[in-house]
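Just so you know, these numbers come straight off a predicted model, no measurement behind them. Worth knowing before you read on, the calculation uses all heavy atoms, side chains too, and leaves out hydrogens, waters and symmetry mates.
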Amino acid sequence: NDVHSVDIIGHSVKVDSLPFELHPKSGWKGRIHHLRLHLRDFQMAGLPVSRMVGEVFDAKYDLGYAFNKRRLFLRSAEPGTASVYLTADNALFFIQRKFKEYLQEGTVSLLNGRVVLSGKYRLFGRYTPFYASGRLRVREGRYIDLVEPTAFMQDSLLPPSLMTKVLVQLNPVVDVAPDLHLQGIF
């Protein structure tokens, strides 16, 4: 009932959320010091993900449930870490889904640490061709924001005051809790 590590490996699966939730309850518990997750080319919360690696520390599981039902049911755990990797195609799918009321006909490229997005952006009620680039920065381990942006609308550089309004609509680009259902254990 005291296991050093468990690695869960998977690919090409579709899940709404990760199959790890904490269900506190008394009873016989086993312990997993390192519960590691390795997933690739899968869909989470309806979004394509290239790869995810995660680790949960000091997980306590229901020993009776594991023996009788052959399922891992976590009772408690220390907060874990997870990294999610997206390709440009994954990012485009995500952006088009999350910002469908603002964006049409988008393309995404990842170049030299910058994300480059083009398409048609709704500004003041109508869609206008745009091109934007910037860096993505992780904030508080949960949010991904667009920073250092440069944007052009119909080949004209967007003034800083208007760029600020666009950033208010876009940031955070990703919030891992509602967007990828990674709240709780990670």
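Both tests do not hold together for R71 against F73: distance to the six-membered ring centre under 6.0 Å, angle to the ring axis within 45°.
Around OH of Y127, the count of heavy atoms belonging to other residues, nucleotides or ligands within 6.0 Å exceeds 12. Atom CG of D16 has more than 12 heavy atoms from other residues, nucleotides or ligands within 6.0 Å.
A salt bridge does not link R137 to D145: none of the charged side-chain nitrogens sits closer than 4.0 Å to a carboxylate oxygen. Taking a cutoff of 4.0 Å between a charged side-chain nitrogen and a carboxylate oxygen, D179 and K98 qualify as a salt bridge.
At least one side-chain heavy atom of L157 sits under 4.5 Å from a side-chain heavy atom of T150. With contacts defined as side-chain heavy-atom distances shorter than 4.5 Å, the pair R114/E148 qualifies. Side-chain contact between I32 and Y61 is present, with at least one heavy-atom pair separated by less than 4.5 Å. Side-chain atoms of F42 and M44, non-hydrogen and from C-beta on, do get closer than 4.5 Å to each other. Contact annotation: the side chain of L167 never approaches that of T164 to less than 4.5 Å [non-hydrogen atoms, C-beta and beyond]. In this structure the side chain of L74 reaches within 4.5 angstrom of the side chain of L35, judged on heavy atoms. V108 has its side chain within reach of I95: a pair of non-hydrogen atoms, C-beta onward, lies under 4.5 Å apart. Using a 4.5 Å cut-off on side-chain heavy atoms (C-beta onward), F93 and L47 make contact.
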I'd like to know whether L37 forms a side chain to side chain contact (heavy atoms under 4.5 Å, CB included) with M52, so could you lay out the CA-CA distance, the side-chain angles of the two residues, the decisive distance to 0.1 Å, and finally the verdict. CA-CA 8 Å; L37 184 65; M52 179 183 167; 4.0 Å; yes

Go through the steps for L170 and F99 under the test side chain to side chain contact (heavy atoms under 4.5 Å, CB included), then give the verdict. CA-CA 8 Å; L170 294 179; F99 301 107; 3.9 Å; yes

Give the C-alpha distance, both sets of side-chain angles, the deciding distance and a yes or no for side chain to side chain contact (heavy atoms under 4.5 Å, CB included) between V84 and V176. CA-CA 9 Å; V84 176; V176 297; 5.8 Å; no

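In the model, D7 has a side-chain atom that pairs as donor or acceptor with a side-chain atom of H38 under 3.5 Å.
Taken from CD in Q169 to CG in L103, the straight-line distance is 11.5 Å, to the nearest 0.5 Å. Between F67 atom CZ and D62 atom CG the span is 11.0 Å, to the nearest 0.5 Å. Within the model, atoms OG of S50 and CG of L39 stand 11.5 Å from one another, a figure rounded to the nearest 0.5 Å. Between the OG1 atom in T107 and the OH atom in Y131 there is a gap of 9.5 Å [rounded to 0.5 Å]. The CZ atom of R36 lies 4.0 Å from the OG atom of S5; values are rounded to the nearest 0.5 Å. The line from OG of S133 to CG of N112 is 11.0 Å long, rounded to the nearest 0.5 Å.
P172 approaches R139 most closely through the heavy-atom pair CB-NH2, 4.1 Å. Contact detail for A45 and R97: the closest heavy-atom pair is O-NH1, 3.0 Å. When all heavy atoms of L110 and V115 are compared, the closest pair comes out as CD2-CG2, 3.9 Å. F94 and V174 get closest at one heavy-atom pair: CE2-CG2, 3.4 Å. Nearest heavy atom pair, residue T128 against residue Q154, reads CG2-CG, 3.3 Å. Closest heavy-atom contact between V53 and Y85: CG2-CE1, 4.1 Å.
Under the 4.5 Å side-chain heavy-atom criterion for Ile, Leu, Val, Met, Phe, Trp and Tyr, V56 and I8 are members of the same hydrophobic cluster. Under the 4.5 Å side-chain heavy-atom criterion for Ile, Leu, Val, Met, Phe, Trp and Tyr, V3 and L72 are members of the same hydrophobic cluster. Hydrophobic clustering keeps M163 apart from F152 (ILVMFWY residues linked when any side-chain heavy atoms are closer than 4.5 Å, directly or through intermediates). Connection of V138 to V49 is established within a shared hydrophobic cluster, with ILVMFWY side chains joined at heavy-atom distances below 4.5 Å, either directly or through further cluster members.
Aromatic ring pairs are classed by plane angle as parallel below 30°, tilted from 30° to 60° and perpendicular above 60°; the pair H34 and F57 is perpendicular. Ring planes of Y121 and F130: perpendicular class, angle over 60° (limits at 30 and 60°).
Applying the salt bridge (Lys or Arg N to Asp or Glu O under 4.0 Å) criterion to R142, with sequence neighbours excluded, gives D175. For H11, there are no ring-ring contact (aromatic ring centres under 6.0 Å, His included) partners two or more places apart in sequence or in a different chain.
Formation of a donor-acceptor pair under 3.5 Å by the R31 side chain with backbone atoms of H4 is not found in this model. Between the side chain of N171 and the backbone N or O of L146, at least one donor-acceptor pair lies under 3.5 Å.
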